[in-house]
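First the structure, in the form of C-alpha cells, and then the observations on it.
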There are 2 protein chains.
Amino acid sequence: MVAPFRPPSRGEAASRLTDSLLAPGSHLPGTAAVHDWLAGLSRHTWMETQRAGLDELAGWVREPDTGFLRHHTGRFFSVEAVTVERADAVVPSWRQPIINQPEIGILGILVKEIDGVLHCLIQAKQEPGNPGGGLQLSPTVQATRSNYTGVHRGRAIPYLEYFREPAGRGVLVDIRQSEQGAWFYRKRNRNMVVEVGDDVEAVDGFCWLTLRQLAELLSVPDLVNMDTRTVLACLPGGGAYWSEAVASRPGDDFLAALARSADPAAPSVHTTDEVLSWITEARTRTELRVERTPLRELAGWCTEDGVISHRSGRFFSVVGVHVKAEGREVGAWSQPMIEPVGTGVIAFLVRTIDGVLHVLTHARTEPGYADVVELAPTVQCTPENYDVLPDAARPRFLDEVLRSERIRFDTVLSEEGGRFLGAQNRYVIVETDADVAADDPDYRWLTLSQYDELLRHSFYVNIQARSLLLCLRSLAVT
Amino acid sequence: MVAPFRPPSRGEAASRLTDSLLAPGSHLPGTAAVHDWLAGLSRHTWMETQRAGLDELAGWVREPDTGFLRHHTGRFFSVEAVTVERADAVVPSWRQPIINQPEIGILGILVKEIDGVLHCLIQAKQEPGNPGGGLQLSPTVQATRSNYTGVHRGRAIPYLEYFREPAGRGVLVDIRQSEQGAWFYRKRNRNMVVEVGDDVEAVDGFCWLTLRQLAELLSVPDLVNMDTRTVLACLPGGGAYWSEAVASRPGDDFLAALARSADPAAPSVHTTDEVLSWITEARTRTELRVERTPLRELAGWCTEDGVISHRSGRFFSVVGVHVKAEGREVGAWSQPMIEPVGTGVIAFLVRTIDGVLHVLTHARTEPGYADVVELAPTVQCTPENYDVLPDAARPRFLDEVLRSERIRFDTVLSEEGGRFLGAQNRYVIVETDADVAADDPDYRWLTLSQYDELLRHSFYVNIQARSLLLCLRSLAVT
C-alpha cells in the first residue's frame with residue numbers, strides 16, 4: 001500500500017490543460033453552439049426576484065442584542081457588522097455591515113477527456129443577483145455546507161458525490177480560497193477540480209466545455225460566473241509546455257511575452273522567495289483590527305424601508321429579496337443580499353520586462369481576510385466611492401487605467417449572484433510603462449509562473465486577482 | 001530598476017547551506033570549543049528566577065470582568081482562557097488558560113561567510129524558564145514587537161537593524177510560523193535568516209557556528225533553544241546537491257534513504273498536490289470552535305497560592321516568577337509563565353519506502369492554530385496526561401515509540417524559556433515497519449523534500465515537527 005507510485009504529476013496535468021486551452025471543443029463546438037444552448041435553456045428556466053424589506057424575510061430573524069440578521073436554523077450565513085481599525089491607513093477606522101458565512105462550501109468543476117481533450121462540466125445557472133437575471137456559466141457544483149448536508153431540505157445536488165469523496169480520483173485542484181474581504185468576514189470556499197471517467201454524462205442544464213471555449217466566453221459580459229472563474233484560475237496555468245504552445249501561435253510581442261511569463265525558467269524581477277518575503281513583511285507590518293459591533297444603529301449607516309445603506313449613498317446596501325425559481329433544489333426562498341453602488345474597476349497593469357510579461361501586483365488589506373493581506377490587482381475599486389473620501393485615498397494607478405489606450409482586455413463581469421445583487425466590475429488589462437521602486441512596500445511585479453506557484457496555496461491571491469489572471473491567460477488564445 | 005536580475009536562487013542558497021552542514025566551523029572549531037566558550041560565559045552570566053503568586057507580579061494587572069492577566073501597558077502578552085469545542089473528537093470540549101500574544105515577534109539568525117562557508121550568529125542566552133537555568137544557543141535576535149519598539153525601555157537589541165531593514169540584503173528565510181497551539185492563542189513569529197557581509201562581527205556573548213556544529217550540538221540536552229530550532233528548520237534543507245553530498249558520506253542504508261528523501265526528483269508515496277489536498281480536506285472537515293471565556297472560576301481549574309492548575313494535577317499550570325538578570329535589556333522583571341506537568345514525547349516514525357525515507361506525519365488540531373490543522377510529528381503528547389483521559393484518547397503510535405529499539409535520535413530539548421517554565425520534551429526519531437492506509441484521514445507519509453517545499457509557507461508545519469525535522473536532517477552528519 002505504501003509502495004511509491006507516480007500519480008499524474010502537476011506537469012502532466014498542466015500539459016493536458018494546455019491542450020484543452022487550445023481545443024475548440026467537441027460537445028458544443030465553438031462558442032455559437034454554447035450561446036444557442038443557453039438560449040434554449042433560458043426559454044424554460046425561470047426565476048423571479050422581488051425586493052423585500054430585511055424584516056420581511058421568511059426564515060430570517062434578528063438577534064435581539066446585536067440586530068444581526070441570521071437564518072432561524074443558525075446555518076447559511078448572517079448579516080453582521082464590524083468596526084475596522086487600520087493604523088496608518090488614510091481612512092483609519094470605519095464601521096460596516098458584513099456577511100459572516102463561516103462554513104466552507106465547495107466550488108467544484110468536473111473534468112473528463114472527450115476525444116482525448118479535457119472538458120469542464122459547466123452548469124447554466126441563474127442566481128437572484130445575476131444582472132438581468134440571466135443564466136451564467138457556473139461550476140458543476142456550487143454548494144454551501146448547509147446545502148450539501150441537507151439543511152435546506154432541497155433536492156440532491158447533482159455530481160456532489162465526486163467532490164465529497166474525491167480520494168482515488170484525479171484531483172487537479174483542491175484548495176481553500178478567500179472571497180470578497182470587503183463584504184465577507186473570512187469566507188473561504190474549497191475550490192476543486194476532479195477528473196472523472198467516460199461514464200459521467202452531462203445531465204440537462206450542463207455541458208462539457210474546453211478551456212479554449214471558456215477563455216473565449218470570458219469576453220462576453222456577465223456570462224462566466226465568479227465561482228467558475230476562481231476555480232479555473234486555480235488550475236495549473238503555465239509551465240514549459242504551456243509556454244511553448246502559446247509562443248508557437250501567431251501573435252505579436254505581447255503574446256510572446258505572455259508565453260514566457262508562464263515559463264518557470266524565464267527571468268523575473270523578483271525571485272519567488274523575495275515575493276514571499278514581501279508578503280511576510282506586509283502581513284507583519286499591517287495592523288488590522290476587526291471587531292464585531294451591533295448592526296443596529298451602526299454609525300454612518302441608516303435603515304430605511306427595510307434597506308441598510310451608507311449615509312453617503314455610496315459603497316453598498318444590504319437589501320432583502322424574495323426569490324421564486326424553477327429547477328432549483330428549493331423552489332422559493334427569501335434572503336438578504338449585498339447590493340453595491342456603482343460598477344467597480346478591477347485592473348492589472350502589465351509590462352514586458354526583458355521579454356517577460358509582468359503583472360503589477362498590490363498587497364491589499366481587506367477587513368474580511370483571514371490573514372490580513374492578499375495579493376490583489378493593481379487597481380481594485382469603485383471610482384465613485386472616492387468622491388466622499390479624502391483625496392489621498394484615491395487608488396494609485398486608477399487614473400492611468402481609466403485613461404489608457406493600450407487595453408488588452410475589457411469586459412464587465414459579475415460577482416456571486418447568490419449573495420450580491422447586480423454586483424458588476426469592469427475587468428481590465430492594460431499595458432503600461434509605469435514602474436514602482438523595487439522596495440515599494442505595496443506593489444511588486446510578478447510573472448504568471450509565480451502566480452501559478454502561489455495559487456497552489458490558500459489565501460495568497462484574492463478573488464479579483466484570480467478572475468483577472470484567468471482573463472490574462474485567456475489572451476493566449478483570443 | 002525593473003530590469004530582471006537573478007538574485008541568489010533558492011538552489012544556490014541550498015548548496016551553500018549544504019556546505020555549511022558539512023563544515024566543522026572556523027570561529028570556534030568543532031564542538032568542544034563551543035562548550036568551553038559557554039562555560040566561560042556562564043561564569044559571568046547570572047539570572048535568578050523566583051516563584052511568585054500570579055497576583056504579586058509587578059506591572060501585571062487582572063482585567064476586572066474576565067480575570068485575564070495582562071501587562072499594564074497592554075503590550076507583551078496576556079494570560080486568558082478559552083472554551084474549546086471539537087465535534088467528533090474523543091474529548092469534544094474543554095476549558096483552559098491560554099497565552100494571547102498577538103504581536104508578531106522576530107526570530108532572526110544572521111549568517112555570513114567565514115573562509116567561504118556560511119556561519120550562523122548564535123547568542124548564548126539565559127531565559128527564566130530554561131531547565132537548570134542554563135545558557136542556551138539562541139538566535140541572533142529574539143524580539144517581541146514590544147521589545148523592539150522600545151515598550152520595555154530596555155537597552156537596544158544588538159543586530160536588530162539587519163532584520164528590521166532586510167531589503168537589499170540576502171534574505172534566506174522570511175516566513176511567519178506558529179508556535180505551541182496548546183498554550184498560545186494564534187501566536188506567530190517571523191522566522192528570518194539574513195546574510196551579512198564581512199564587516200559584521202560577533203560581540204560578547206555571540207559566536208559564529210556552522211550548520212554542522214549546530215547539528216552536532218542538537219544531541220546535547222537542553223542546549224539548542226526552540227527559537228534557534230524553528231529558524232534553522234525553515235532554511236532550505238534539501239535539493240539535489242544536499243542529497244548527493246549526504247549520499248557520498250560513509251554510512252548505512254538509513255543514510256542513503258535520508259539523502260534520497262531530500263531530493264525533489266526521488267519518488268514519494270504521495271505527490272505534493274495530494275498532500276496539499278489532504279491538508280485542505282482536514283482543514284475543511286475539522287470543526288474547531290475556540291471562544292474566549294473568563295479565566296476566573298474556570299471549570300476544571302483551580303487557583304491556589306497564586307498558581308492556576310488543572311484539578312487533575314495534569315496538563316500545565318500558570319505560575320508567576322520574579323526574575324533578576326545581568327546582561328539583559330532589562331535587569332529585573334516579573335511575569336506569568338506556563339509550567340507543563342511531565343516531560344512530553346515528540347516523535348517521528350520514519351520508514352524507508354522504495355529506498356526513500358518517509359516521515360509519518362499527523363494532521364493535528366490545536367486550539368491556538370490560526371488555521372485549524374497543522375502537520376505534526378507522528379506522536380506529540382505527554383504520556384501521563386492520558387491517565388486522566390478516556391482510553392480512546394491515547395495517541396496512535398505512542399506505544400510503538402516507547403517500545404522501539406530502532407532509535408535514531410533521542411534527546412531531551414526544552415521549549416521557549418521566556419514563556420514556559422522547565423518545559424521539556426523528549427525528541428525521538430525511530431524507524432518503523434508500521435503502515436497507514438493510503439486514505440487514512442489523519443496520517444500521511446512525507447519526504448524531506450516535501451517538507452522543504454511546505455516550509456516556504458506559513459502554518460503548514462507545527463513547531464514540534466519543525467524541531468524534529470531539524471533533528472532528522474542533523475542525522476545526515478552525526
Side-chain angles (χ1 to χ4, degrees), chain A residues 1-10 13 102 104-106 145 166-168 171-176 188 190-192 236 266-274 276-281 283-285 289 351 353-356 358 370-371 435-439 445 447 454 456-460, chain B residues 1-10 13 102 104-106 145 166-168 171-176 188 190-192 236 266-274 276-281 283-285 289 351 353-356 358 370-371 435-439 445 447 454 456-460:
Chain A
M1 183 166 303
V2 297
F5 59 98
R6 301 259 75 195
S9 73
R10 191 169 172 84
I104 300 173
I106 292 174
R145 201 178 175 90
V171 176
L172 280 76
V173 170
D174 186 6
I175 191 71
R176 294 162 312 139
R188 300 141 303 167
R190 187 171 176 181
N191 289 241
M192 300 181 80
S268 54
V269 171
H270 304 282
T271 63
T272 300
D273 279 325
E274 288 175 324
L276 293 172
S277 175
W278 169 59
I279 297 170
T280 297
E281 165 62 27
R283 286 177 165 170
T284 304
R285 180 187 66 233
R289 224 183 133 101
R351 181 173 169 186
I353 303 172
D354 208 17
V356 178
H358 283 70
D371 202 3
D435 197 4
V436 292
D439 63 348
W445 292 105
T447 63
L454 293 174
R456 296 175 76 181
H457 306 282
S458 295
F459 313 145
Y460 277 131
Chain B
M1 182 168 301
V2 297
F5 59 99
R6 301 259 75 194
S9 74
R10 191 168 172 84
I104 300 174
I106 291 174
R145 202 178 174 89
V171 176
L172 280 76
V173 170
D174 185 5
I175 191 71
R176 294 162 311 139
R188 299 142 303 166
R190 187 171 175 180
N191 288 240
M192 300 181 80
S268 54
V269 171
H270 304 282
T271 63
T272 300
D273 279 325
E274 288 175 323
L276 293 172
S277 175
W278 168 59
I279 297 170
T280 297
E281 165 62 28
R283 286 177 164 170
T284 304
R285 180 186 66 233
R289 224 183 132 101
R351 182 173 168 186
I353 303 172
D354 208 17
V356 178
H358 282 70
D371 201 3
D435 197 4
V436 292
D439 63 348
W445 292 104
T447 63
L454 293 174
R456 296 175 76 181
H457 306 281
S458 294
F459 313 145
Y460 277 130

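Residue numbering restarts at 1 for every chain, and letters A, B, ... go by the order of the sequence lines.
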Check: For B:Arg176, which residues count as a salt bridge (Lys or Arg N to Asp or Glu O under 4.0 Å) partner, sequence neighbours excluded?
Finding: A:Asp371
Next item on the list: Under the salt bridge (Lys or Arg N to Asp or Glu O under 4.0 Å) rule, collect the residues that match up with B:Arg289, sequence neighbours excluded.
Entry: B:Glu291
Next item on the list: Please examine the side chains of B:Val171 and A:Glu274, heavy atoms only from C-beta on, and report whether any two atoms are closer than 4.5 Å.
Entry: no
Next item on the list: Output the distance between atom OG1 (B:Thr284) and atom CG (A:Asp174), rounded to the nearest 0.5 Å.
Entry: 7.0 Å
Note to self: Within this structure, what is the NE2-CG distance for the pair B:His457 and A:Leu454, rounded to the nearest 0.5 Å?
What the structure shows: 7.5 Å
Notebook entry, point to check: Can you name the nearest heavy-atom pair linking B:Asp273 to A:Arg456, along with the distance?
Noted result: OD1-NH2, 3.2 Å
Notebook entry, point to check: chain A heavy atoms under 4.5 Å from B:Arg190: which part of the residue, side chain, backbone, both or neither?
Noted result: side chain
Item checked: Options A:Leu276, A:Ile106, A:Leu172, A:Val356, ranked by heavy-atom pairs under 4.5 Å with chain B, top entry -> A:Leu276
